[in-house]
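Note that ligands are numbered from 1 as they come in the structure, with each ligand's atoms numbered from 1 the same way.
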Amino acid sequence: MELKEILKAITIKTILGDAGKDITGIEIDSRNVKAGNLFVAVKGTQTDGHAYIAKAVGNGASAVVCENLPDSPDSNVTYVQVADTEEAVGKLATHFFGDPTSKLDLIGVTGTNGKTTIATLLYNMFRKFGYKVGLISTVCNYIDGEAIPTDHTTPDPITLNKLLGRMADEGCKYAFMEVSSHSIAQKRIGGLRFAGGIFTNITRDHLDYHKTFENYLKAKKAFFDGLPKTAFALTNADDRNGMVMVQNTKAKVYSYSLRTLCDFKGKVLEDGFDGMLMDINNREVNVQFIGRFNASNLLAVYGAACILGKKPEDVLLLLSTLHPVSGRFDALRSPKGYTAIVDYAHTPDALINVLDTIHEVLRGRGKVITVVGAGGNRDKGKRPLMAKESARRSDKVIITSDNPRFEEPQDIINDMLAGLDKDDSRKVLSIADRKEAIRTACMLSEPGDVILIAGKGHENYQEIKGVKHHFDDKEVLKDIFSNEKY
Ligand SMILES: CC(=O)N[C@H]1[C@@H](OP(=O)(O)OP(=O)(O)OC[C@H]2O[C@@H](n3ccc(=O)[nH]c3=O)[C@H](O)[C@@H]2O)O[C@H](CO)[C@@H](O)[C@@H]1O[C@H](C)C(=O)N[C@@H](C)C(=O)N[C@H](CCC(=O)O)C(=O)O
Ligand SMILES: Nc1ncnc2c1ncn2[C@@H]1O[C@H](COP(=O)(O)OP(=O)(O)OP(=O)(O)O)[C@@H](O)[C@H]1O
Ligand SMILES: N[C@H](CCC[C@H](N)C(=O)O)C(=O)O
Ligand SMILES: [Mg+2]
């Protein structure tokens, strides 16, 4: 695409050099620049992209968008000066990749918890409706059936627009996407035109980055503030900040709730480890999900599908066929009659959340056995707390290994054990071999009991000293179940 065509997407201050040249790609990382690319210099959290302009040119960049023009410009390169490169990059990228959100409906999901669940369920549901659909999520991205691995919840603006561009080219009608607070604050979603936004909930998280809860909330709210009039904004009325999120949006506001009357109102009529019976807008539906927070997620999915024009009865029918997202409160029933739940909970808060939900459903009718470890070379402060919160909410805890990375598994286990007082210690044992730990939990379980296997969820590996060894909690369980006598 011609440089001057790309530049139509933004307001420029100065231009130095030829604007008629053909641009072969856009990059924000000098290390990825190839011949004929446009390099956009962005000020980051660690360093300033302006320091890498010469490197980008060395790698073949033929044009540069920047806030400060270099002192000694290269005569073969076109320099474009703008007020804010972070603001410009999304707009440039989306224009370069064919303005994908003018061709498909993009729905963003934001909030502290439930983004992956809701975005993935909407993706699954709309595929079942017969559409080609895209998904951008923490676990994996999809262009209809094609899986594309990811290492971000919301990718950088170049990767994101490239993905959306491919989705549009391949005929996707919808794209469902997780919108992280980082991506809003860093304008990774700049230039995208959303057809809808969904808010789940907000609790303390990511304060290392946002510094205060107030800033974190503002980042989330900015997403709704930026939605166009044509979009919908679906919010959770049960969250104390649910209505704050949408108070300044131009979008059409809808709400969902398990407590108050609103557009999409739900109630849990019966719950068990096989699923729930819910009432949604006065219709009953059986769903294969466990726990009140999933009832809330399902309401968001139901609401969004109805707003997107699907008939409530068709939506409910599909809702009943959906399965939990892999490793998110993923329950397996053993032949012996106990339930094992694989969940990605890898923080004290998430463990509290999951264990409290288990007790809500169990209502004292069985024991809870938790198998948990903590990752190596990551936040050490959470280790003792993870052990303590697990012990407080379980009849038995088996402390084991997660991804030890470059640490010794037993050292990590010892850090966890340090969080236990005398009473807690009585119900805790440690088995470093994760397979053995799961096997022991199964052996200790009786019909009606629940085992929580926490921390690794969908991960299918165990990372030890730089090598990822195949390991899958669910596979281990299935193997144990197949040899179980009942
Ligand atoms: C703290 C943070 O969010 N950082 C993100 C940010 O990078 P940054 O601002 O730190 O970049 P920087 O290293 O200071 O560099 C500044 C600029 O110089 C460029 N550069 C740098 C070096 C070089 O040699 N050449 C060069 O051109 C960089 O490409 C960048 O454009 O912008 C980059 C591009 O978008 C992101 O990849 C990067 O994510 C880092 C790796 C990260 O770990 N982010 C996490 C915290 C994150 O984004 N998480 C959220 C939520 C996760 C969840 O809870 O679900 C997510 O959406 O994934
Ligand atoms: N609506 C909810 N409210 C509270 N907790 C939830 C909710 N939905 C899911 N959870 C819990 O939070 C965990 C993460 O869920 P999910 O992956 O859907 O969230 P996310 O917002 O995508 O998180 P991330 O920030 O890691 O991408 C789940 O394992 C589950 O235990
Ligand atoms: N993305 C998170 C998840 C970690 C999950 C856990 N299994 C671990 O390895 O610590 C992290 O890197 O902290
Ligand atoms: Mg997620």
Side-chain angles (χ1 to χ4, degrees), residues 27-33 39-56 58-59 61 64 85-86 89-90 93 109-121 135-140 150-160 177-190 198-203 205-206 208-210 216 219-220 236 238-239 256 258 289-301 324-330 341-347 349-358 452 454-458:
E27 288 299 342
I28 51 170
D29 191 324
S30 60
R31 291 162 291 198
N32 300 334
V33 168
F39 174 69
V40 187
V42 180
K43 290 179 179 147
T45 59
Q46 307 300 315
T47 179
D48 183 348
H50 288 80
Y52 300 93
I53 292 180
K55 281 244 167 63
N59 283 345
V64 173
T85 44
E86 193 178 53
V89 65
V109 187
T110 197
T112 308
N113 291 304
K115 299 184 295 297
T116 300
T117 306
I118 293 172
T120 309
L121 294 183
L135 174 68
I136 294 175
S137 93
T138 317
V139 180
C140 190
T150 180
D151 48 17
H152 271 307
T153 288
T154 313
D156 69 79
I158 312 295
T159 310
L160 178 58
M177 156 174 166
E178 287 188 54
V179 180
S180 69
S181 56
H182 294 80
S183 78
I184 305 167
Q186 294 166 15
K187 305 193 179 94
R188 291 181 208 162
I189 55 169
I198 302 172
F199 173 70
T200 64
N201 48 65
I202 184 163
T203 50
D205 201 1
H206 300 309
D208 52 328
Y209 178 80
H210 296 287
Y216 178 45
K220 296 267 180 221
N236 180 3
D238 296 338
D239 189 275
Y256 62 94
L258 287 168
F289 292 78
I290 304 163
R292 277 183 76 80
F293 64 78
N294 272 322
S296 180
N297 292 339
L298 289 167
L299 270 182
V301 170
V325 176
S326 182
R328 303 304 197 261
F329 220 103
D330 209 345
I341 296 171
V342 174
D343 191 271
Y344 194 43
H346 52 78
T347 61
D349 214 43
L351 283 164
I352 293 173
N353 197 353
V354 171
L355 283 163
D356 285 352
T357 302
I358 289 175
L452 169 66
K456 293 185 58 62
H458 61 278

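- The nearest non-hydrogen atom to atom 16 (C) of ligand 1, considering only V89, T153, T47, N113, comes from T47.
- An N or O contact shorter than 3.5 Å links R188 to ligand 1 by distance.
- The minimum heavy-atom distance linking T138 with T150 is given by the pair O-CG2, 3.5 Å.
- No N or O atom of D151 sits closer than 3.5 Å to an N or O atom of ligand 1.
- Here the side chain of D330 pairs a donor or acceptor atom with the backbone of G327 at under 3.5 angstrom.
- Of the N and O atoms on the side chains of T112 and Y216, at least one donor lies less than 3.5 Å from an acceptor on the other residue.
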With side-chain contact (heavy atoms from CB on, under 4.5 Å) as the criterion, how do F329 and I358 come out once you've worked through the C-alpha distance, each side chain's angles and the decisive distance to 0.1 Å? CA-CA 10 Å; F329 220 103; I358 289 175; 3.9 Å; yes
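- Near F39, with a cut-off below 4.0 Å to any heavy atom, the atoms of ligand 1 are 27 (O).
- Under a 4.0 Å criterion applied to the non-hydrogen atoms of T153, ligand 2 contributes the atoms 27 (O).
- Ring pair H210/H182: centre-to-centre distance below 6.0 Å.
- The ligand atoms of ligand 2 that sit less than 4.0 angstrom from a heavy atom of T117 are 16 (P), 18 (O).
- At least one heavy atom of T112 sits closer than 4.0 Å to an atom of ligand 2.
- Residue D156 has at least one heavy-atom neighbour below 4.0 Å for each of these atoms of ligand 1: 34 (C), 35 (O).
- Heavy-atom proximity to S30, at under 4.0 Å, picks out these atoms of ligand 1: 23 (C), 24 (O), 25 (N), 26 (C), 27 (O).
- In terms of modelled atom types and a separation under 3.5 Å, the side chain of T200 and the main chain of N113 share a donor-acceptor contact.
- Of the residues listed (T116, T120, T110), the one engaging E178 in a side-chain hydrogen bond (donor to acceptor under 3.5 Å, both in side chains) is T116, and it is the only one.
- Each of the atoms 1 (N), 2 (C), 7 (C), 8 (N), 9 (C) of ligand 2 lies under 4.0 Å from some heavy atom of N297.
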Apply side-chain contact (heavy atoms from CB on, under 4.5 Å) to residues T85 and V89 and explain how you reach the verdict. CA-CA 6 Å; T85 44; V89 65; 6.0 Å; no
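- Between S180 and ligand 1, at least one pair of N/O atoms sits closer than 3.5 Å.
- Of the protein's heavy atoms, R328 NE, 2.7 Å lies nearest to atom 17 (O) of ligand 2.
- For atom 7 (O) of ligand 1, the nearest protein heavy atom lies 4.0 Å or farther away.
- In this structure, atom 28 (C) of ligand 1 has protein heavy atoms in its sub-4.0 angstrom surroundings.
- Here Q46 has heavy atoms under 4.0 Å from ligand 1 in both its backbone and its side chain.
- Nearest protein heavy-atom contact of atom 7 (C) of ligand 2 is F293 CD1, 3.3 Å.
- Annotation for ligand 2: atoms under 4.0 Å from non-hydrogen atoms of E178 are 22 (O), 27 (O).
- Closest protein heavy atom to atom 27 (O) of ligand 2: T138 OG1, 2.9 Å.
- Between F329 and ligand 2, no pair of N/O atoms sits closer than 3.5 Å.
- Residue contacts with ligand 1: H152 is placed with a nitrogen or oxygen under 3.5 Å of a nitrogen or oxygen of the ligand (distance criterion only).
- Excluding waters, the set of protein N/O/S atoms under 2.8 Å from the Mg ion (ligand 4) reads T116 OG1, T138 OG1, E178 OE1.
- Considering backbone and side-chain N/O of N294, none are found under 3.5 Å from N/O of ligand 2.
- Where the criterion is an N or O separation shorter than 3.5 Å, residue side chain and backbone included, T45 meets it with respect to ligand 1.
- Of all the atoms in ligand 2, the ones that sit under 4.0 Å from a non-hydrogen atom of N201 are 1 (N), 2 (C), 3 (N).
- Distances from atom 5 (N) of ligand 2 to the heavy atoms of N353, I341, D349, V342 show the closest one on N353.
- Of the protein's non-hydrogen atoms, K115 N, 3.5 Å is the one closest to atom 20 (P) of ligand 2.
- Of the heavy atoms in Q186, only side-chain atoms (C-beta onward) come closer than 4.0 Å to ligand 1.
- Scanning all protein heavy atoms for the shortest distance to atom 13 (C) of ligand 2 gives N113 OD1, 4.3 Å.
- Here the side chain of T159 pairs no donor or acceptor atom with the backbone of P155 at under 3.5 angstrom.
- Of all atoms in ligand 2, numbered sequentially from 1 with element shown, those under 4.0 Å from a heavy atom of V354 are 31 (O).
- Of the protein's non-hydrogen atoms, the one nearest atom 19 (O) of ligand 2 is G114 N, 2.9 Å.
- Of all the atoms in ligand 2, the ones that sit under 4.0 Å from a non-hydrogen atom of D343 are 29 (O), 31 (O).
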